[in-house]
Amino acid sequence: MKPGQDLAEITAGIDRLYRDQQQGEGFLDAEGLIPVAVAPVEPRSFGDYAEARDALAKLSETLDSAVDTQLRRDYLAEMIDSLDVLMDTFEGKPVGFAERLRRQIRVDITLVGDDILDAYRATIRNGLDELGYRDGDLAADIARWETETIVPRDTVIVVLEDFLRQSRQRAAAMYDFSHEWIEPVGVTQKPFAAYCDYPGRQVLLNLDFPYTVYALKHLATHEAFPGHLVHLGLRERYVADGSMPLDGAQVVTSSASSALFEGIADNGMAFLDWLDTPGDQIAVALQRLRSALRCNAAWMMHEEKKSIEEIVPTIAAQGYQAPETVSGRLAFLHHDLRAPFVYAYWCGDMAVEKVWKEVPASERKRFWHYLYGTMHTPTTLARYWQ
């Protein structure tokens, strides 16, 4: 049996074990370990996690002889390790949060430092100055800019739909998905801002949060073109034609593959060369600032053991958001499987952006194939791109 099929079947078996033992009935509980699979996979039958660990250990022993490339060997080894530690958490074994970040998400960062946060603030300040927002107080200027660019709640779906159409057209320069569409649908009381329902071809947008026109532009590229919809569509195509191993069919939550899944999506506007106004530059820096702060919030909760009541005012002030918005955006941090997943956004964004900014225009097509057509971790992406 091929290692990719082995890994896919073992992972599906772990997912089934996890689901069988879950007691919750919320949205995130229903997602399981594998929220999306774009090809059928027969789960291995395991009586307990010990049997699943044995299967992973046996797979690990075959990597040197059964896998042709070092990139693929490294990726599989990182995925196997991330599944091992995930099972430790499922069984309630004590695992430090830094270890979860290192082994599950495959990142060394813990708290995002003030030097990085202040660099985002400087970019925002410069952009606001260029647009004439010069009251002198950054918090006040951001608030005024966001107020003036906010999209009324009753038109956000229409505006998002327009951005989806525009981004689909622009994404044709990368991959032609003109045959695909994904319908924006408003929802409330969900533990996310937006969600790509790939099987149902819907973008679920949480109307409990406010959105600027720039935020909706970002979400169109993140959730659909050239983000999750395109990424999953290509993985479905590549698995079907045999150019990607079967494990590429699975989205595995809080695993070694998570950072690149979100990082590809977060770089969507850059891939489309759609950062064409000072407002876009402000919005990207503000989005990255808030994404980094959500990492810090997770660290405060799970490593420093602070309560959400302590965390929210700090993150709200540092990210220039209303406390109720921050509280809603941090809701999923209480879900143990998802606790480290928030790092996949900022760390994945940085991992992809670091490589992307060095890719010359003449090499972009080749880079996109390397990025979308191969399963990666932050380490393999940087190590094997040439």
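In this text the structure is predicted, and so the values were computed from the model without any measurement.
Listed by chain and residue number, nothing satisfies the ring pair (Phe, Tyr, Trp, His ring centres under 6.0 Å) test with Tyr211 (two or more places apart in sequence, or in another chain). Checked against ring pair (Phe, Tyr, Trp, His ring centres under 6.0 Å), Phe177 has the following partners two or more places apart in sequence or in another chain: His179. For Phe261, the ring pair (Phe, Tyr, Trp, His ring centres under 6.0 Å) criterion is met by His228, His231, not counting sequence neighbours. Residues satisfying the ring pair (Phe, Tyr, Trp, His ring centres under 6.0 Å) criterion with His218, sequence neighbours excluded, are His222.
The salt bridge (charged side-chain N to carboxylate O under 4.0 Å, His left out) contacts involving residues 199-214 comprise Glu180-Arg201, where partners must be two or more places apart or lie in separate chains. Counting only residues at least two apart or on different chains, the ring pair (Phe, Tyr, Trp, His ring centres under 6.0 Å) pairs with a member in residues 21-42 are Phe27-Phe192, Phe27-Tyr195. Screening residues 317-338 for ring pair (Phe, Tyr, Trp, His ring centres under 6.0 Å) gives no qualifying pairs among residues at least two apart or on separate chains. Pairs passing the salt bridge (charged side-chain N to carboxylate O under 4.0 Å, His left out) check and including a residue from residues 64-73, sequence neighbours excluded, read Arg72-Asp247. For residues 259-280, the salt bridge (charged side-chain N to carboxylate O under 4.0 Å, His left out) pairs, not counting sequence neighbours, are Lys217-Asp276, Lys217-Asp280. Under the ring pair (Phe, Tyr, Trp, His ring centres under 6.0 Å) criterion, no residue pair touches residues 100-125, with sequence neighbours excluded.
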Identify every side-chain donor-acceptor pair in residues 106-118 under 3.5 Å, counting partners at least two apart or on other chains, and give the distances.
{"from": "Arg106", "atom 1": "NE", "to": "Glu78", "atom 2": "OE1", "distance (Å)": "3.0"}
{"from": "Arg106", "atom 1": "NH1", "to": "Asp81", "atom 2": "OD2", "distance (Å)": "2.8"}
{"from": "Arg106", "atom 1": "NH1", "to": "Arg103", "atom 2": "O", "distance (Å)": "2.7"}
{"from": "Asp118", "atom 1": "OD1", "to": "Arg121", "atom 2": "NH1", "distance (Å)": "2.8"}

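Through side-chain heavy atoms spaced under 4.5 Å, either directly or across other Ile, Leu, Val, Met, Phe, Trp or Tyr residues, Val95 is tied to Val85.
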